[in-house]
**Q** 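Below is a structure I'd like to ask you about.
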Amino acid sequence: MNAIQWAIDPWGKLVPIHIAWLLIWVAVIAGLLFFIVHATYVRYFAKPRQFAAEFPPPIASEIPARVPMHSLVARLYHWIMGAAMFTLLFTAFLPRVGFQFPWVTWHWIAGAVLTVLVIFHIFHASFWMDFWAIWPDRIDITDADHRIRRFLGRPAPPPRKSAKYPLDIKLSHGAFMAAGLTAIVTGVLMMSRVRTIFFPRNPYLFSDMTWGMIYVLHGLAGVGLITLVMLHVYFTLIRPEYRPVLKAMIFGWMSRDSYLEEYDSKRWAVEATISSPESRGPKGSGAGNAE
């Protein structure tokens, strides 16, 4: 199967024009196969999780009953971005599978909204949040190695509980970032080929070969986002172990029990609810606020 559609330009050169639309079904089937394999493994083969003990262990009474996780701004960004993403995917791919409607205007409007949101998020995460919290660190890599070795039956110490963002969420964020930025950059360039409110239409801005590569990259990013969105919905809406994360994205907080069960209090420190010499420690060493 050829993943790219080709055509002959007016000068007789072979140029790419888009991805093969069969890749839409490849992306959907890949997501469905992952659901089946993962759910089967968790149901019948996965062993109970074990974590390395914390020293000293956190004092439950010092953890607030509602542990703040996401600010209102972060939650609004997430849900508006989700709406824009679904609009982009539906308007891009439904016409390709037989549902015809005037999709171009809705597509570029949703793309413009997503572009503004991502620019806002870059600044918000850089200056008002802990920018490095979403990136894998040395502990994540070490714990991933321990998990793999234990999965293969080789001796390895149990991993630590996670930081505010577990490694799977960090990797998902990286994949969304790569696919999303590719779709945004190529989409902004492609807007010069349609009539919008932003700049005049100019279909001759690039050569046929360059336009073809732009369309191919945009299409590959789009089908990649299909699978990524399917996996995101699967984990956050279907898997019960991720329900506290979904609840936190709705209400902004998670319960004390969920925090103590899954998260390392040293890697994700929260404000204590009581004030004592033991909990305060030296000035400047107290627990930090969650974003």
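Every value quoted in this text rests on a predicted model; they were computed, and no experiment measured them.
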**Q** Tell me the closest heavy-atom pair linking Ile24 and Arg96, and the distance in Å.
**A** CD1-CB, 3.9 Å

**Q** Does His70 use its side chain to pair, donor to acceptor, with the backbone of Gly252 at less than 3.5 Å?
**A** no

**Q** Under 4.5 Å between side-chain heavy atoms, hopping through other hydrophobics if needed: is there a path connecting Met85 to Val28?
**A** yes

**Q** Taking Lys161 for its side chain and Ser265 for its backbone only, find out whether a donor-acceptor pair lies under 3.5 Å.
**A** no

**Q** Show your reasoning for whether ring pair (Phe, Tyr, Trp, His ring centres under 6.0 Å) applies to Tyr259 and Trp268.
**A** CA-CA 9 Å; Tyr259 171 82; Trp268 177 20; 5.2 Å; yes

**Q** Rounded to the nearest 0.5 Å, how far does CG of Leu205 lie from CG of Leu189?
**A** 7.5 Å

**Q** Judged by atom type as modelled, is there a donor-acceptor pair below 3.5 Å linking the side chain of Thr40 to the main-chain atoms of Ile36?
**A** yes

**Q** Treat each ILVMFWY residue as a node, draw an edge where side-chain heavy atoms are under 4.5 Å apart, and state whether Leu94 and Val194 are in one component.
**A** yes

**Q** If you take all heavy atoms of Leu89 and Gly222, which pair is closest and at what distance?
**A** CD2-O, 3.8 Å

**Q** Centroid-to-centroid, Trp108 to Phe198, below 6.0 Å?
**A** yes

**Q** If I take atom CZ from residue Arg150 and atom CG from residue Leu152, how far apart are they, to the nearest 0.5 angstrom?
**A** 12.0 Å

**Q** Determine the minimum heavy-atom distance between Ile250 and Trp79, stating which atoms define it.
**A** CG1-CZ2, 3.9 Å

**Q** Using atom types as modelled, flag every donor-acceptor pair under 3.5 Å from a side chain in residues 136-143 to any protein atom, sequence neighbours excluded.
**A**
from: Asp137; atom 1: OD1; to: Ile139; atom 2: N; distance (Å): 3.2
from: Asp137; atom 1: OD1; to: Asp140; atom 2: N; distance (Å): 2.9
from: Asp137; atom 1: OD1; to: Arg267; atom 2: NH2; distance (Å): 3.2
from: Asp137; atom 1: OD2; to: Arg267; atom 2: NH2; distance (Å): 3.3
from: Asp140; atom 1: OD1; to: Arg267; atom 2: NH2; distance (Å): 3.0
from: Asp140; atom 1: OD2; to: Asp137; atom 2: N; distance (Å): 3.0
from: Asp140; atom 1: OD2; to: Lys170; atom 2: NZ; distance (Å): 2.6
from: Thr142; atom 1: OG1; to: Arg138; atom 2: O; distance (Å): 3.0
from: Asp143; atom 1: OD1; to: Arg160; atom 2: N; distance (Å): 3.4
from: Asp143; atom 1: OD2; to: Arg160; atom 2: N; distance (Å): 3.3

**Q** Check this for me: Arg149, atom CZ, are more than 12 non-hydrogen atoms of other residues, nucleotides or ligands nearer than 6.0 Å?
**A** yes

